[in-house]
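For reference, the structure discussed in these notes is given below.
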Amino acid sequence: MSESTEKKMVRLRSSDGEVFEVEESVAKVAKTLQDMLEEDCADAVIPITCVRAPILTKVIDYCKDQVMISSSSSTTNNPNERTEQERKAWGQKFMEGVDSSTLCELLVASNFLNIEGLLNLGVDKMVSMIQGKYPQEIRDMFNVVNDFTPEEEEEIRNQNAWAFERDPYYKKRSSSK
Amino acid sequence: MAIDQKTICMSTATSTDLAFYLLPSELLQDIFLRLALPDILRLKSVSRNLNSFVSRDDFRQIYDRKSTADPWIFLFKKRSPPRDSLLRGFSHRSRCWCSIPIPRAFHGHDLYFLTTSGDFFLFASNYHGDLLAFNLRRNTLERVPPAGPLGPRGTSSWRRSSLKLIAGPPGSDAFSFLFADLYRNRPFLFRYSSATQAWTWKPAQEAADDGAAPRVLNGRVVLSVVHNRGESVMVSADPAEIGDAPPAVLRPRFGAVGNASAVGLVSGSSPEERLHVYGDGKMVVVRSDGGKKVAGGRIFRCVEVWGLTADGRGWEFVTRVPQGLLERVKKPYRAMMGCLEERNGVLSLVLLSNYKGSWDIIWLSYGIGNGDWTWVPLPDCGTKDLNMAGIAISSGLCLLTDFSVPSSIVQKPARRALVGLPT
């Protein structure tokens, strides 16, 4: 790809109407956008109708980072290149402080825009948020309404009583915080 | 215009009502497939939506295909009073240990945890010399009578590499339990079937001198009888009772390994200490620097895997834990024991070491196909006050009651059981 096309800018409009201008290379990290851009629509503002501005900001941050690490990868001794461990640490930091509703929106966005790396980060985060949690904690975290009758809930618990047993060490840890 | 057709709005949800079960279902499935069984079971009681999602046949089938193969570590922590005793379980998909309370009917027993497979957990009761099988799914208890002519056995008579619990056949809520031991000075195979609630026992046949037929056959269970210096006595048997070929005696020699000590805790003060861990026709040799170098502890410097040769007459080198990985996991220890299991082409090795009263558990797994060693870091399970009464590796836990043939290995809780040979 020539330099002039790399600098080409693309405009994206979030569901709440905010317009973001990004380099084409950044937008192309999203496979869905890449496919669109390969058709002739350079002047258009691309509407991303299911992604709100704060989420799109986060998505663009991710894409910019991907461009940054891949741009100099052809040169030897790329200072931006990451080891497996650094990649993990970066991913964790990127997802740090992301709450459950933001996470859900990020997942929907990266699924829709087809950004595999971000999708994987989101899935990892989601798995770690659910692991070891108890039903009420999950409801609280994800705003899920308990629509069981107490009897129904009791019955489901009794079927798999062992899975609901509190880990005494888990308790200790959470109460000491 | 092309863009407008492609930017289909998936949802006009706002951040507050975008609960996670509104995620595309393939995404939700990806997430749930990575959760351990207790997490899935808990999700069932979160809401109707989630309950029906994880109860769907297609989800359960995909989940179980993964889950059945997942290796788990189970520890039995003895406490006083006995009702506070707990089984702790961990799989690589878990974030924390799950706790399984022991059934009320167990409270009067002095229990040691022998082994587990699928939903079944087998305990030896020290007071009565019999066995108790706990079915986790049904929350039921079954007493296994003493094994035929051997009569009641103390918990110290059981050796983990000499027994195997096999859950199944699928959907039957049944299990069989096999162990090998010397009876009238001959290696015998003892087999209990929960379906018939009866023991059968057979002498294992010695290989013919010409050694024509290979004695280690694919799909056979290999159980230890005795590991002496230079030679082991093992028994190979069909996991299923119906149509089984007679159990066969294997006498692999340690020629290539040198002088081997008995299975058990490393003891003594020679410059090099070796611990041998047996399971599923494999042997792990842990070599440690002995002596007082590290404040009275030892550090292992080499962990090798050996496998039975095809004819069952010797051991051949399989692999060793890469030095880099060893550097990451090693810790000083005073006593160490291990469990070894092979299943679905994955070798699971658990090394349990004690240093100044505190236990450390190292879980390593080796993919026989790809040659990769991985370390599964374990969260704290309160190892300081751990009154260990058994550890086992198992698999076969899943949402449905349909198991393939899992296997498990047991470790003895008492020190004398670890070093001693059966009397």
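Here is how names work: the chains are called A, B, and so on, in the same order as the sequence lines, proteins then strands, and each is numbered from 1.
For the pair A:Asn111/B:Leu23, no side-chain contact is recorded, criterion being any heavy-atom separation below 4.5 Å from C-beta on.
We find the CD1-CG distance between A:Ile138 and B:Leu43 to be 4.5 Å, quoted to the nearest 0.5 Å. The distance from the CE atom of A:Met126 to the CG atom of B:Leu35 is 10.0 Å, given to the nearest 0.5 Å. The structure places CG of B:Asn51 at 4.0 Å from CD1 of A:Ile156, a figure rounded to the nearest 0.5 Å. Rounded to the nearest 0.5 angstrom, A:Trp162 CH2 and B:Leu87 CG are separated by 10.5 Å.
No part of A:Glu155 comes within reach of chain B, as not one of its non-hydrogen atoms sits under 4.5 angstrom from that chain. If you measure heavy-atom distances from B:Leu27 to chain A, the contacts under 4.5 Å come from the side chain alone. The contact between B:Ser45 and chain A is made by backbone and side chain atoms together, counting heavy-atom distances below 4.5 Å.
In terms of heavy atoms, B:Arg48 sits closest to A:Thr149 at NH2-N, 4.2 Å. The minimum heavy-atom distance linking B:Ser47 with A:Val144 is given by the pair CB-CG1, 3.6 Å. Minimum interatomic distance between B:Leu41 and A:Ala163 (heavy atoms only, all atoms of both residues): CB-CB, 3.7 Å.
Residue A:Gln136 qualifies as enclosed at atom CD: its count of foreign heavy atoms under 6.0 Å is above 12. Shown here is B:Glu327, whose CD atom has more than 12 heavy atoms of other residues, nucleotides or ligands within 6.0 Å. Environment of CZ in B:Arg328: sparse, with no more than 12 heavy atoms of neighbouring residues, nucleotides or ligands closer than 6.0 Å.
Contact count versus chain B (heavy atoms, under 4.5 Å) is highest, among A:Arg157, A:Met141, A:Glu152, A:Gln159, for A:Glu152. The most heavy-atom pairs under 4.5 Å with chain B, out of A:Val51, A:Leu113, A:Asn146, A:Asp124, come from A:Asp124.
Between the side chain of A:Gln131 and the backbone N or O of B:Arg93 there is at least one donor-acceptor pair closer than 3.5 Å.
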